[in-house]
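Working notes, beginning with the structure itself.
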Amino acid sequence: MQLLDGKALSAKIEKTVADEVKILKSKTGSVPGLAVILVGQDPASAAYVSMKKKACDRVGFYSVTHEMPEDISQDAIEKTITMMNDNPNIDGILIQLPLPSQIDTTKILELVNPSKDVDGFHPYNVGRLTTGLDGFVPCTPLGVMELLDEYNIDVKGKNCVVVGASNIVGKPMASLLLNANATVEICHIFTDDLKKHTLNADMIFVGAGVINLIKEDMVKDGAVIIDIGINRADNGKLVGDVDFEKVSKKCSYITPVPGGVGPMTIAMLLSNTLKAAQAHADERE
Ligand code: NAD
């Protein structure tokens, strides 16, 4: 079994992004800018935003966080997004999800200019992904594809089972795999007999948010296991959705949690923001 080291690969990607930032700055005089909208006091969301901000600092991006109270109105968030859409110093806009229940999240995501949609959540970019066109791809599944590429793991013709069907993880993961010519099955909470599906998989991609969802007897020998889940165990430790100790003895490759997909997500946010900045700079030329 070999570990897929997302920490090492993300450090390598950060270095490349930082080098590209210097080149962009010498050509245009400006650096990529990322605006983050953080609503409410959820500690997990605040922690993610803080990690993203630190990563921006490390590679030399300009970044700004708009912190808003839990009871903020739809109108106030929309005004901020419109301001960021019009701001030439901002190349990427990230709305930290989930938003409070009084907010229409779809409307908010649709307001972001697709050329600044570095999370790839705008229906325009979702459509481009499903049709196999270039655009912005959600950072977590994009990071998974980078990790597979780094270890020369080809998905073409492989039976890939994606467990979890959210718009930010499972569905774009499945689209990317399909675009790369894998045979893809998507399982979710209503899937009958999950084991029947996973046992047939050459590769399992799980992002369900359920500790130990994928157990040893659900995995065939030599399978590739990508654990996207991030959960807090009773002992306070971060764990994924896979019973790592037992499954790792059976599989060919596996991502650790932490240190697997998590750091890749942040690295892809940086690379998407750089891509947006480079496109905006080209437009201005
Ligand atoms: P979500 O709640 O929006 O979606 C969960 C999906 O899993 C749903 O499609 C649901 O049907 C499915 N599911 C839930 N229980 C299941 C079960 N028992 N069997 C089969 N399917 C089941 O969650 P999300 O936002 O997609 O996140 C999923 C997990 O991925 C969470 O642990 C989250 O913390 C993690 N995550 C990690 C990263 C990262 O950077 N590594 C990024 C985003 C999310």
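When a ligand or atom number is given, it counts from 1 through the structure's own listing order. Not measured: the values here are computed from a predicted model.
- Within the 4.0 Å heavy-atom shell around ligand 1 one does not find Thr191.
- A donor-acceptor contact shorter than 3.5 Å links the side chain of Ser252 to the backbone of Gly222.
- Protein heavy atom nearest atom 41 (N) of ligand 1, with residue, atom name and distance: Ile228 O, 3.3 Å.
- The parts of Ile189 lying near ligand 1 are both backbone and side chain, judged by heavy-atom distances below 4.0 Å.
- If you check which protein heavy atom lies closest to atom 3 (O) of ligand 1, you get Ser166 CB, 3.5 Å.
- With distances taken over non-hydrogen atoms, the option nearest atom 5 (C) of ligand 1 out of Pro141, Gly143, Gly170, Ala208 is Ala208.
- When Ile186, Val169, Leu97 are ranked by how near their heavy atoms come to atom 43 (C) of ligand 1, first place goes to Val169.
- Ionic pairing of Lys275 and Asp134 is present here: one or more N-O contacts between side-chain nitrogen and carboxylate oxygen are shorter than 4.0 angstrom.
- In terms of polar-atom proximity, Ile230 is counted as a contact of ligand 1, with an N or O under 3.5 Å from an N or O of the ligand.
- With Asn272 contributing its side chain and Val118 its backbone, the two residues share a donor-acceptor pair below 3.5 Å.
- When non-hydrogen atoms are compared, ligand 1 lies under 4.0 Å from the side chain of Leu213 (C-beta onward) but not from its backbone.
- Every atom of ligand 1 with a heavy atom of Gly262 under 4.0 Å away is listed here by number and element: 40 (O), 41 (N).
- Panel note: side chain Asp227, backbone Asp241; a donor-acceptor pair is recorded below 3.5 Å.
- From the protein, the heavy atom lying nearest to atom 28 (C) of ligand 1 is Gly207 O, 3.3 Å.
- Within the 3.5 Å criterion, the main-chain N or O of Leu94 finds no donor-acceptor partner in the side chain of Asp119.
- A side-chain donor-acceptor contact under 3.5 Å links Asp154 to the backbone of Lys156.
- Protein heavy atom nearest atom 25 (O) of ligand 1, with residue, atom name and distance: Ile168 CD1, 3.5 Å.
- When each atom of ligand 1 is checked for a heavy atom of Gly164 under 4.0 Å away, the hits are 6 (C), 7 (O), 9 (O), 12 (C).
- Gly209 N, 3.6 Å is the protein heavy atom nearest to atom 29 (C) of ligand 1.
- Atoms of ligand 1 lying under 4.0 Å from at least one heavy atom of Val261, given by number and element, are 41 (N).
- Given atom 42 (C) of ligand 1, the protein heavy atom at minimum distance is Thr140 OG1, 3.2 Å.
- For the pair Ala165 and ligand 1, the shortest N or O to N or O distance falls below 3.5 Å.
- Contact check on Lys246 versus Asp217 returns no salt bridge, with no Lys/Arg side-chain nitrogen under 4.0 Å from an Asp/Glu carboxylate oxygen.
- Note on Glu216 versus Lys250: no salt bridge recorded, every NZ/NE/NH1/NH2 to OD/OE distance being 4.0 Å or above.
- Within the 3.5 Å criterion, the main-chain N or O of Gln41 finds no donor-acceptor partner in the side chain of Ser45.
- Considering CG of Asn167 and CG of Leu97, their distance stands at 10.0 Å, rounded to 0.5 Å.
- Interface of Asn231 with ligand 1, defined as ligand atoms under 4.0 Å from a residue heavy atom, comprises 32 (O).
- Asn85 places a side-chain N or O within 3.5 Å of a backbone atom of Asn113 that can act as its donor or acceptor partner.
- Among the atoms of Val210, none of the N or O lies under 3.5 angstrom from an N or O of ligand 1.
- Atoms of ligand 1 lying under 4.0 Å from any heavy atom of Thr265, numbered from 1 in the order shown and given with element: 39 (C), 40 (O).
- Under the 3.5 Å distance criterion, the side-chain polar atoms of Gln96 are left unmatched by any main-chain donor or acceptor of Ala46.
- Distances between N or O atoms of Tyr48 and those of ligand 1 include no value under 3.5 Å.
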